[in-house]
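None of the values given here were measured: they were computed from a predicted structure. Indexing begins at 1, ligand by ligand and atom by atom, following the structure's order.
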Amino acid sequence: MIPLSVPNLDGNEWKYIKDCLDTNWVSSVGSYVNRFEEMIAEYSGAKYAIAISNGTSALHISLMLAGVVRNDLVIVPNITFIASVNAITYCGADPVLMDVKGDTWQMDLDLLEEFLSEQTAVVDGQCIHKASGRTIRTIMPVHVLGNMCDMDRLTELASEYGLNIVEDSTEALGSFYKGKSAGTFGLLGTFSFNGNKIISTGGGGMVVTNDDVLGKKAKHLTTQAKADPLEYYHDEIGYNYRLVNILAAMGVAQMEQLPGFVNRKHEISKLYNDQLSGLEGVAAQKMGEHVEANHWLYTATFPQQRDLLNYLIAAGVQARPFWVPMNQLPMFRDQLYFTKENVSDKVYGSCISLPCSTSITDDEIMTVTNLIKDFYHKKG
Ligand SMILES: Cc1ncc(COP(=O)(O)O)c(C=O)c1O
């Protein structure tokens with residue numbers, strides 16, 4: 001079996017985790033937590049990085065810190081992993097689902113602008129959805145597969161309409177737009193380190209921000225909001241969202257290897273592109289202008305997608321379909337979905353993600369691409 005995207009643990013993971021066990025620093029405080037946070041802050045250029053239990057909790061906390069409250073609306077792309085939209089609902093808010101572009105698979109900013117200008121009004125600096133009277137507090141771009149939309153334009157639109165930005169940059173550690181790291185364009189950004197991400201701590205996440213107040217508050221809220229070093233005095237409802245030292249130790253070891261991982265992801269993407277280039281109707285994700293992407297998960301659109309997917313799986317290749325668009329899920333079917341041509345559905349119906357672990361060999365990639373060529377050859 002050629003796996004989709006598995007962790008690459010060839011660095012100091014054992015050594016650092018053993019250090020935690022040897023020294024008994026296994027829980028939610030410890031030097032590796034601090035080091036991991038410093039490394040992410042330095043790499044991303046964010047002033048604050050707050051280690052957290054996973055990407056979903058990072059999104060939840062970030063939306064709360066951005067001021068999202070019950071009955072608010074948050075704009076989010078219709079093609080994303082469920083966690084982005086779930087996090088919105090954890091705050092008691094609802095999503096406004098925005099259709100995506102057919103080539104980059106990021107939120108369609110033309111549609112966004114149309115929606116904002118036609119359906120919202122800025123009242124006392126706050127964006128109000130005219131039909132429902134509800135406040136649209138936040139826009140959450142999702143840097144799908146490590147790609148990004150036109151972040152200059154998104155930032156301008158957000159400020160014109162009184163919206164703050166919380167980035168679901170969980171897939172985009174190692175991606176840059178005009179040299180600036182994913183996660184650092186908005187009020188807050190988020191990273192995930194689950195098993196399939198470019199670096200993994202098994203499960204883990206990070207909130208990043210340049211805001212002094214929010215940076216401190218993120219740490220406070222994720223550690224049960226304990227306000228006194230001795231007394232169990234908690235000054236608000238907090239969360240036990242802290243990343244433990246053992247997992248942060250793994251994160252430190254992974255961060256040491258991140259530049260190499262990004263390089264390898266670039267090579268993998270290039271090799272797939274070269275090998276698949278002659279096939280009619282096959283198109284890799286188009287990277288946005290000015291985006292230096294991390295190429296986290298190699299994905300392309302394929303004719304006869306379902307048949308090909310089944311063919312690859314039967315041959316031992318762990319290929320995967322794209323996410324079912326949010327507007328097709330029972331929980332979000334009745335939410336506002338802004339679209340002209342339902343591009344999300346076309347993207348969903350044609351994309352396949354292919355194995356691209358940083359440890360994959362070039363021969364394994366050729367095995368996958370030869371299988372794909374065979375499939376189309378047999379189909380005539
Ligand atoms: C786009 C997106 N958002 C959010 C998440 C949630 O991250 P986690 O699995 O660490 O909770 C993920 C990853 O799984 C993701 O891909």
Check: Asn34/Ser31 side-chain N/O donor and acceptor closer than 3.5 Å: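 Absent: no donor and acceptor within the cut-off.
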Pair Asp19-Lys15, salt bridge (charged side-chain N to carboxylate O under 4.0 Å, His left out): steps then yes or no: CA-CA 6 Å; Asp19 185 34; Lys15 189 175 154 201; over 6 Å; no
Beyond-backbone contact of Arg137 with Gln126, side-chain heavy atoms, under 4.5 angstrom: yes
Criterion salt bridge (charged side-chain N to carboxylate O under 4.0 Å, His left out) on Lys340 and Asp108, from CA distance to verdict: CA-CA 11 Å; Lys340 289 276 144 76; Asp108 184 331; over 6 Å; no
Leu157 reachable from Met148 in the ILVMFWY side-chain graph, under 4.5 Å edges: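 Looking at the clustering, Leu157 is in the same group as Met148.
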Atom-level proximity to ligand 1, residues with heavy atom under 4.0 Å: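 Protein residues near ligand 1 are Asn54, Gly55, Thr56, Leu59, Thr80, Phe81, Ala83, Ser84, Val142, Asp168, Thr170, Glu171, Ser192, Asn194, Lys197, Gly204.
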CD/Gln304: more than 12 non-hydrogen atoms of other groups inside 6.0 Å: yes
